[in-house]
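What follows is one structure encoded as structure tokens, with my remarks underneath.
Just follow the structure's listing: the first ligand is 1, and inside any ligand the first atom is 1.
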Amino acid sequence: MATKREGKGDGTDGGRLDRRSFLRIGAAGLVVAGGSAAVAVLAGRGREAGGPGPQVDGVEFSRTPMRQFRLRAAPLEWDVGTGHASPAWGYEGRVPGPEIRVREGERVRIVLENGLPEPTTIHWHGLPVPHAMDGVPELTQEAVPPGGTFVYEFVAGPAGTYWYHSHAPYQLDRGLFGPLVVEPGREPLDYDREQILVFDDWLLDPDHPRPDPNAAGGMMGMMEGMGGMRGMMRGGAETHVEGVRAQPLYDAFTVNGVLGTEHAPIEVRRGERLRLRLINASASHVVPVRVAGHRLTITHSDGRPVEPFTADTVLLGMGERYDVLVQMTNPGTWALESLNAAQRAAGLRVPIRYAGARGSATGVSETGLVARYSDLRGLEGTESRRPDRVYDLELSGGMMRGPTVWTINGRRYPDTEPLEVVEGERVRVRLFNMSMMPHPMHLHGHFFDVVAPDGRPAGRPIRKDTVVLDHMQTHVIEFTADNPGPRWFFHCHNIYHQHGGMATEVRYRT
Ligand code: C2O
Ligand code: CU
């Protein structure tokens with residue numbers, strides 16, 4: 001656990017001041033991409049000056065040094081806390097991979113080393129990185145072969161809670177994911193302690209996956225009950241239908257790589273304010289989370305700031321993130337847990353313990369107020385111009401067509417119709433879920449505004465990169481085509497649905 005006071009320096013150390021500042025220069029020949037040597041030199045000069053650097057005429061770049069990371073993907077044996085390790089794949093020998101924490105505006109270089117027996121890539125989920133850095137095999141780069149390396153490089157921003165994961169088929173589900181935090185230059189939130197929680201679904205016995213009887217349908221929504229929406233594979237044994245897998249029955253839920261019940265208690269003190277960065281990295285489960293005895297004040301959705309909204313429960317679709325603040329005013333030992341009984345029984349339950357408190361964690365008795373998209377107000381403004389293009393996407397599949405067939409407007413990727421756009425256009429997409437399963441739709445390379453959650457126009461839309469549609473639900477989203485691809489992936493983040501065909505592309509016309 002990083003605490004704000006201990007871990008972040010919080011503006012009191014010189015290094016951090018340095019990293020926060022920006023330098024304006026206009027000298028000919030100094031371009032950001034080719035300027036690492038220049039950056040280092042300027043950083044030295046900036047330190048002497050102890051403040052913002054000189055302004056020449058308007059070329060702005062960070063005087064921070066390059067932040068470098070290595071992520072080696074390799075098979076490993078991982079024990080989620082049962083005492084028995086099972087085969088998994090991970091970055092840097094662990095699941096989830098190491099936390100990458102950088103500051104807005106910093107240049108980040110991440111070297112991927114592929115120690116896997118298959119080609120791989122890394123996608124920086126939510127970050128609008130340049131196209132060549134987006135990590136989608138075929139669309140943005142050739143997958144990195146076994147033994148190969150690839151250097152990802154981008155400028156971090158905007159600030160927010162993100163995550164990274166392999167974008168090669170089904171690899172996310174083996175454990176190839178990790179948290180990524182971009183801190184703002186100046187933290188506007190006031191809190192004492194921070195905890196990242198990465199939720200994942202896990203198969204303890206990968207050799208005996210049972211097909212999920214509910215995976216093809218059944219009445220289940222975001223608050224699915226016992227046995228609803230479980231699934232998976234981990235390290236083998238899967239059902240192949242044209243290379244597409246059916247969702248198996250998951251038997252465990254992990255938090256930061258271990259069963260939540262095996263996770264170290266989150267230690268707090270009375271009067272503190274705790275910031276939680278919640279990340280749903282699971283392959284196929286919407287996670288409804290609540291902290292017993294406390295309310296959650298949502299401050300960010302998918303890393304984008306929202307007007308603080310206090311609720312009891314947040315729902316996280318696969319790929320979604322929420323930042324919440326919890327006021328620690330109720331001493332005792334409490335559980336942060338899923339409201340889904342099956343998920344909770346399978347491990348989605350982490351103790352939060354006040355200093356001096358004893359005893360086992362008290363759980364949640366009822367759902368309380370569940371935050372919906374329509375409850376939240378965006379803080380970043382939106383473009384109110386008329387859309388240049390409107391697309392209608394109907395999500396369907398499962399049921400009649402079988403558990404491995406998932407469609408957009410009746411077609412399966414790569415036969416789905418791409419969304420054609422021209423740079424600078426405002427694009428409206430109406431999403432409608434005809435199927436029985438929830439679908440978290442994720443757009444690469446862009447944020448979008450949820451202009452009409454549940455089909456009803458929002459005054460101040462929230463900005464997101466992943467939006468969950470429950471059974472028969474409609475959301476209207478809009479984005480500005482400001483990151484020329486040419487091709488960006490747009491897909492359901494249930495990996496079984498994604499590979500079953502529920503995907504399309506946003507294609508820039510050139
Ligand atoms: Cu989080 Cu296309 O991915
Ligand atoms: Cu889906």
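- Note on H439: its N/O/S atom closest to the Cu ion (ligand 2) is ND1.
- Among the atoms of H491, an N, O or S atom falls under 2.8 Å from atom 2 (Cu) of ligand 1.
- Ionic pairing of D388 and R426 is not present here: no N-O contact between side-chain nitrogen and carboxylate oxygen is shorter than 4.0 angstrom.
- Put simply, the angle at atom 1 (Cu) of ligand 1 from NE2 in H493 to NE2 in H165 is close to 110°, to the nearest 10°.
- Put simply, H123 stays out of reach of atom 1 (Cu) of ligand 1, with no N, O or S atom under 2.8 Å from it.
- Within 6.0 Å of CZ on R460 lie more than 12 heavy atoms contributed by other residues, nucleotides or ligands.
- The distance from atom 2 (Cu) of ligand 1 to the nearest N/O/S atom of H442 is not under 2.8 Å.
- Counting non-hydrogen atoms of other residues, nucleotides and ligands closer than 6.0 Å to CD of E417 gives a total of 12 or fewer.
- Judged by distance alone, with hydrogens and angles left aside, the side-chain atoms of N340 form a donor-acceptor pair with the main-chain N or O of A342 at under 3.5 Å.
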Practice item. Tell me, with the steps shown, if H497 and W406 meet ring pair (Phe, Tyr, Trp, His ring centres under 6.0 Å). Key: CA-CA 6 Å; H497 299 178; W406 296 97; 3.8 Å; yes
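- Here the OG1-CG distance, from T121 to L112, works out to 8.0 Å after rounding to the nearest 0.5 Å.
- Here the N, O or S atom of H497 that is nearest to the Cu ion (ligand 2) is ND1.
- Not one N/O/S atom of H125, from backbone or side chain, sits under 2.8 Å from atom 2 (Cu) of ligand 1.
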